[in-house]
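Below you'll find the structure, written out as structure tokens, and then a few comments.
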Amino acid sequence: MVVKQEKNIMLEKSLLTDQQLQKLKSELESKPEDGGLWTGPKVARWIEKETGREKVWNQRGWDYLKKCRYSWQSPRSKHRKGDIQEQQEFKHNFREKVKAFEAKHSGEEVDVWFFDEHRIGLKPIVKKVWGKIGERPTAIVNHRYEWLYIYGFVKPKTGETLWYLIPRVSTQWLNLVYEAFAKDALVDNKKVLLVEDNAGWHRSKSSKVPQGIEIEYLPPYSPELQPAERLWSLVDEPLVNQYFESIEEIEEILVQRCNFLRKEMQEEIRKLTNYHWLNVSF
């Protein structure tokens, strides 16, 4: 017991002075010497070199990454053509746009929905999952390229969703989805501001937006501003690490999944999609 306590005390002892710690924080802002990625072991080797110590445990490198307020994260994709200023202006001005829409339709019920498409197919979705220690999970794969598309609509304020499974993306299919959405969202009894991206088939001259719906387009190359993008990880869950013989099998599972999301996970979806800059009375 005494030996264990002494070992813990040694582990907790600081290896770097305040000045050295600040130097490490500065080093972490750029790539390590090998041009790769920082890891716990690489930080441990840096500490050895900086302090002249013969051996620093790899775990201490992880400890110092955390001490410098770093965590292991997956980067959020951001298109190189996305205009940051335009994106910030969209978020800043969105509340005023909604208020103007409400004023335009004074006395009528107003809803704000967001819409996006998602492709799913026979190409397997392989992701990390919790597994028993010592038993690595496996996923049977057979890469094939047959697809279907999910058209998803979400109302962030409430977490309400509407879903449509479609064989492809095109203006023709989009018009059919618009019609179905208008009916299911009760557009005859209210006005809807529908926010979507700038896909070519969205802006086509052949696009037919039902009466009662007004389209608001996101800035180009700005998927991070689309709350509906956050639906897809929930949609994919039953398909992760699974093998399917046909697209029909996937379609059957997606019908069940989308119904479950719509009926049972409304509150979770609200928390996931109700971005802070959407904090308006819609």
Side-chain angles (χ1 to χ4, degrees), residues 26 28-31 35 37-38 69-105 110-120 147 149-157 159 161-162 164 166 168-171 173-175 177-178 181 185 191-210 213-236 269-282:
S26 178
L28 292 173
E29 294 291 333
S30 56
K31 288 183 175 294
L37 302 173
W38 281 106
R69 300 193 62 78
Y70 280 78
S71 62
W72 187 249
Q73 302 178 38
S74 295
R76 181 177 64 185
S77 297
K78 190 172 185 66
H79 200 286
R80 69 179 181 85
K81 293 184 179 180
D83 187 318
I84 296 178
Q85 182 176 349
E86 188 176 2
Q87 292 168 351
Q88 291 297 330
E89 289 176 355
F90 180 88
K91 291 191 290 185
H92 180 74
N93 297 328
F94 188 74
R95 300 179 189 183
E96 294 304 319
K97 289 181 180 179
V98 173
K99 290 179 181 178
F101 185 73
E102 291 175 328
K104 179 180 177 181
H105 302 286
V110 169
D111 278 344
V112 177
W113 288 78
F114 288 76
F115 156 60
D116 195 28
E117 300 107 339
H118 180 53
R119 187 178 73 171
I120 290 180
W147 312 99
Y149 292 82
I150 302 179
Y151 287 47
F153 295 76
V154 61
K155 186 159 65 169
K157 180 185 177 183
T161 54
L162 291 169
Y164 306 92
I166 304 298
R168 60 184 60 86
V169 288
S170 69
T171 303
W173 283 105
L174 177 62
N175 289 339
V177 170
Y178 278 156
F181 169 74
K191 301 298 180 183
V192 169
L193 184 65
L194 181 62
V195 186
E196 58 188 55
D197 63 34
N198 285 267
W201 55 92
H202 292 184
R203 285 188 171 274
S204 170
K205 293 181 180 179
S206 300
S207 177
K208 299 177 182 178
V209 181
I213 297 177
E214 185 174 312
I215 304 295
E216 175 70 31
Y217 292 103
L218 293 168
Y221 309 106
S222 303
E224 61 269 35
L225 299 184
Q226 174 57 272
E229 282 273 347
R230 307 197 75 179
L231 299 172
W232 308 133
S233 60
L234 298 178
V235 170
D236 288 349
I269 289 173
R270 184 192 67 81
K271 292 178 180 178
L272 193 65
T273 61
N274 195 23
Y275 294 170
H276 67 90
W277 50 270
L278 298 178
N279 187 24
V280 290
S281 59
F282 56 76

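The structure displayed is predicted, hence computed values, not measured ones.
- Across all non-hydrogen atoms, the minimal contact from Ser207 to Leu174 is OG-CD2, 4.5 Å.
- Residues that satisfy the salt bridge (charged side-chain N to carboxylate O under 4.0 Å, His left out) test with Glu86, not counting sequence neighbours, are absent from this structure.
- Between Leu162 and Trp113, the closest side-chain pair of non-hydrogen atoms falls below 4.5 Å.
- Looking only at atom types and distance, the side chain of Trp173 has no donor-acceptor partner in the side chain of Glu117 under 3.5 Å away.
- Taking OG1 of Thr161 as the reference point, atom CG of Leu231 lies at 7.0 Å (rounded to 0.5 Å).
- Partners of Ala100 under the side-chain contact (heavy atoms from CB on, under 4.5 Å) rule, at least two apart in sequence or in another chain, do not exist in this structure.
- In this view, Tyr164 and Phe153 satisfy the ring pair (Phe, Tyr, Trp, His ring centres under 6.0 Å) rule, not counting sequence neighbours.
- Under the ring pair (Phe, Tyr, Trp, His ring centres under 6.0 Å) criterion, Tyr217 pairs with no residue, sequence neighbours left out.
- Remark: Ser71 pairs with Gln73 by the side-chain contact (heavy atoms from CB on, under 4.5 Å) rule, at least two apart or across chains.
- At a threshold of 4.5 Å between non-hydrogen side-chain atoms, the residues Leu193 and Val110 do not count as touching.
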Got a list of side-chain donor-acceptor pairs under 3.5 Å for residues 218-228, not counting sequence neighbours?
unit_1: Ser222; atom_1: OG; unit_2: Gln87; atom_2: NE2; d: 2.9
unit_1: Ser222; atom_1: OG; unit_2: Pro219; atom_2: O; d: 3.2
unit_1: Ser222; atom_1: OG; unit_2: Pro220; atom_2: O; d: 3.0
unit_1: Glu224; atom_1: OE2; unit_2: Lys78; atom_2: NZ; d: 2.7
unit_1: Glu224; atom_1: OE2; unit_2: Gln87; atom_2: NE2; d: 3.3
unit_1: Gln226; atom_1: OE1; unit_2: Ala228; atom_2: N; d: 3.1
unit_1: Gln226; atom_1: NE2; unit_2: Phe115; atom_2: O; d: 2.9

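- Partners of Glu29 under the side-chain contact (heavy atoms from CB on, under 4.5 Å) rule, at least two apart in sequence or in another chain, are Tyr70.
- For Arg203, the side chain to side chain donor-acceptor pair (under 3.5 Å) test picks out Asn198, with sequence neighbours left out.
- Applying the salt bridge (charged side-chain N to carboxylate O under 4.0 Å, His left out) rule to Lys31 yields no partners; only residues at least two apart in sequence or on another chain are considered.
- Among residues two or more places apart in sequence or in another chain, the side-chain contact (heavy atoms from CB on, under 4.5 Å) test is passed with Leu272 by Arg230, Leu234.
- Under the rule for a ring pair (Phe, Tyr, Trp, His ring centres under 6.0 Å), Trp147 has no partner lying at least two apart in sequence or in another chain.
- Residues that satisfy the salt bridge (charged side-chain N to carboxylate O under 4.0 Å, His left out) test with Glu89, not counting sequence neighbours, are absent from this structure.
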